[in-house]
Colleague: 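My questions all concern the structure below.
Computed from a predicted structure; not experimentally measured.
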Amino acid sequence: MTEIKLHNTKTRKKEVFTPIDADNVRMYLCGPTVYDRAHLGNARPVVMFDVLNRLLRHVYGTDHVTYVRNFTDVDDKINATAMARKEAGAQGTIEDLVRERSDETIAWYLEDMAALGTDEPDHMPRATEFIPQMVAMIEDLIAKGHAYAAEGHVLFAVESYKEYGALSGRSIDDMIAGARVEVAPYKRNPMDFVLWKPSTDDLPGWPSPWSRGRPGWHIECSAMADELLGSSFDIHGGGNDLQFPHHENEIAQSCCANPDAGFANVWLHNEMLQVEGKKMSKSLGNFFTVRDLLDGHDGQFKVPGEVIRMVFLGTHYRKPMDWTSEKAKDAKSFLQELWTLVSDATATVPSDSVINAVADDLNTPLAISEIHSLASDVKKGKGDAGVLFASLKFLGLFNYAPSISTLGWGPFSEQEHGSAISLARRWMELRNLRDFEAADRLKNAAQQLGVTLKVVKEGGEQSAIAHLDHNVDPTELDAIK
């Protein structure tokens with residue numbers, strides 16, 4: 001079995017990964033707060049954990065991994081958006097408008113992350129679906145002396161947990177001196193954090209023993225992880241901006257609620273993302289969402305999700321990543337080259353060299369280097385295109401469902417893609433009817449207009465890929481008989 005090594009933030013060293021239960025490897029990723037489109041930095045941990053998810057399923061078996069990524073749909077920013085809609089005349093209660101905004105944003109998020117080649121987790125819980133579990137955990141923490149109620153709030157008493165600060169390596173005194181914390185008269189310690197807070201009549205709220213209110217951010221993940229993965233599980237992670245206070249507070253709550261359990265054994269944190277060497281910021285004009293790149297923003301070319309993913313894979317997750325237009329161009333060029341090498345191949349098994357690179361603390365830059373070597377061998381006639389294809393799929397590249405899809409790395413319109421899909425569908429229908437003469441005529445006509453039709457075989461199923469070699473005229477494609 002492949003040996004996996006991961007850098008554990010908790011121990012500050014790279015360790016051999018040993019799951020609690022090899023038949024059910026469990027991991028949790030802190031997901032988005034769903035008030036707006038995901039920006040490029042939000043996507044980095046999603047891609048990183050998708051690679052880890054693929055590795056774990058390869059090593060332990062597809063059915064022996066449980067992956068949870070939550071949605072935070074209780075938040076002041078979501079409430080503010082819903083209030084603005086209501087003031088603008090939108091119909092429905094504030095709860096209805098919050099749900100509407102959350103549904104809309106979650107749909108955007110799933111669409112954008114799918115465009116980056118990421119698989120959906122096994123569970124994607126919404127915080128609002130686990131309010132009873134949060135209330136129960138808070139009640140338990142109060143009963144055990146780790147939390148206290150005050151003026152409709154409930155706060156966690158950080159001094160009741162002696163290990164507080166171990167993950168981030170800070171003492172409580174250091175945190176008080178360096179942190180911006182809400183100082184309220186009902187707090188016993190400035191670092192005590194909110195588990196429950198009251199809601200005004202015009203905001204969403206749920207009944208509790210303390211007030212009609214809503215949960216604090218940190219308790220949400222503790223309750224959802226406990227419910228779906230148990231009080232002890234294998235891996236927890238997110239961006240390093242969550243290490244403190246969010247993950248520190250999760251540990252405190254969960255370990256005090258379940259003193260005989262360990263919560264997460266391994267903590268993984270990815271570094272932040274920059275754009276052209278600078279911190280991404282709206283004030284600098286370099287802030288953009290994943291959708292901005294996919295659709296083309298400010299008159300720029302569209303950047304396909306596969307290109308974005310390739311750029312992400314080129315930097316180790318524990319190093320700051322610099323998104324540049326030059327990297328995107330290089331990734332696009334390399335992907336085009338790879339496609340010419342594997343488009344007629346059938347994926348077999350991924351290369352051990354690629355698997356071992358990913359197994360060494362998700363060393364995706366090394367994995368991409370191995371892909372270059374494999375591609376070079378295939379071009380020289382010494383390598384196996386099927387192994388190269390399988391290795392790319394293992395990394396989440398060229399992973400097409402057995403259906404009709406398009407591929408192309410230019411500023412293509414929805415009409416161009418739509419016509420190409422329709423053409424590929426007609427071609428597959430002719431092939432399925434075994435009318436190969438008509439299928440070949442259609443394929444040749446499409447080629448003359450700039451669309452290459454390919455069949456990709458995997459697991460006994462076939463996918464049709466329409467590759468747009470350059471901009472095409474949708475009307476001409478539709479007219480092909």
Colleague: I want to check something: taking the side chain as every heavy atom from C-beta on, are V34 and I78 in contact at a cut-off of under 4.5 Å?
Modeller: yes
Colleague: Take D361 and Y317, measure what side-chain hydrogen bond (donor to acceptor under 3.5 Å, both in side chains) needs, and give me the verdict at the end.
Modeller: CA-CA 9 Å; D361 195 30; Y317 79 94; 2.5 Å; yes
Colleague: Between H246 and H218, how do the two ring planes meet: parallel, tilted or perpendicular, split at 30° and 60°?
Modeller: tilted
Colleague: Determine whether L366 and H316 satisfy the following criterion, side chain to side chain contact (heavy atoms under 4.5 Å, CB included), listing intermediate values before the conclusion.
Modeller: CA-CA 9 Å; L366 178 57; H316 193 277; over 6 Å; no
Colleague: Is S333 reaching over with its side chain to a backbone N or O of D330, donor-acceptor style, under 3.5 angstrom?
Modeller: no
Colleague: Is it the case that the side chain of T289 and the backbone of D292 share a donor-acceptor pair, with hydrogens and angles ignored and the cut-off at 3.5 Å?
Modeller: yes
Colleague: Taking ring pair (Phe, Tyr, Trp, His ring centres under 6.0 Å) as the test, write out the residues that go with H269, two or more places apart.
Modeller: H247
Colleague: Would you say that more than 12 heavy atoms from the other residues, nucleotides or ligands in this model lie under 6.0 Å from the CZ of F71, or not?
Modeller: yes
Colleague: Could you check whether any side-chain N or O of R309 sits under 3.5 Å from a backbone N or O of L395, counting only pairs where one atom can act as donor and the other as acceptor?
Modeller: yes
Colleague: Look at the side chain of S391 and the backbone N and O of V387, then say whether any donor-acceptor pair between them is shorter than 3.5 Å.
Modeller: yes
Colleague: Would you say K327's side chain and D322's backbone share a donor-acceptor pair under 3.5 angstrom?
Modeller: yes
Colleague: Compute the ring centroids of H146 and Y161, then answer whether they are less than 6.0 Å apart.
Modeller: no
Colleague: Look at the side chain of R69 and the backbone N and O of P121, then say whether any donor-acceptor pair between them is shorter than 3.5 Å.
Modeller: no
Colleague: Between T81 and K77, is there a donor-acceptor pair closer than 3.5 Å when you use the side chain of the first and the backbone of the second?
Modeller: yes
Colleague: Measuring from I368:CD1 to L313:CG, what's the distance to the nearest 0.5 Å?
Modeller: 5.0 Å
Colleague: Check whether any side-chain N or O of S232 sits under 3.5 Å from a backbone N or O of G262 as a donor-acceptor pair, and report yes or no.
Modeller: yes
Colleague: Evaluate the criterion ring-ring contact (aromatic ring centres under 6.0 Å, His included) for residue pair F263 and F233; output intermediate values, then yes/no.
Modeller: CA-CA 6 Å; F263 195 44; F233 57 95; 5.2 Å; yes
Colleague: Any idea how W323 and F288 line up, ring-wise: parallel (<30°), tilted (30 to 60°), or perpendicular (>60°)?
Modeller: perpendicular
Colleague: How many angstroms lie between atom OG1 of T128 and atom CD of E95, to the nearest 0.5 angstrom?
Modeller: 11.5 Å
Colleague: Check the orientation of H236 and W267. Use parallel for under 30°, tilted for 30 to 60°, and perpendicular for over 60°.
Modeller: parallel
Colleague: Can you check side-chain hydrogen bond (donor to acceptor under 3.5 Å, both in side chains) on T66 and N24, steps first, answer last?
Modeller: CA-CA 7 Å; T66 304; N24 185 19; 2.7 Å; yes
Colleague: Among F130, W206, W196, whose side-chain contact (heavy atoms from CB on, under 4.5 Å) with V135 holds?
Modeller: W196
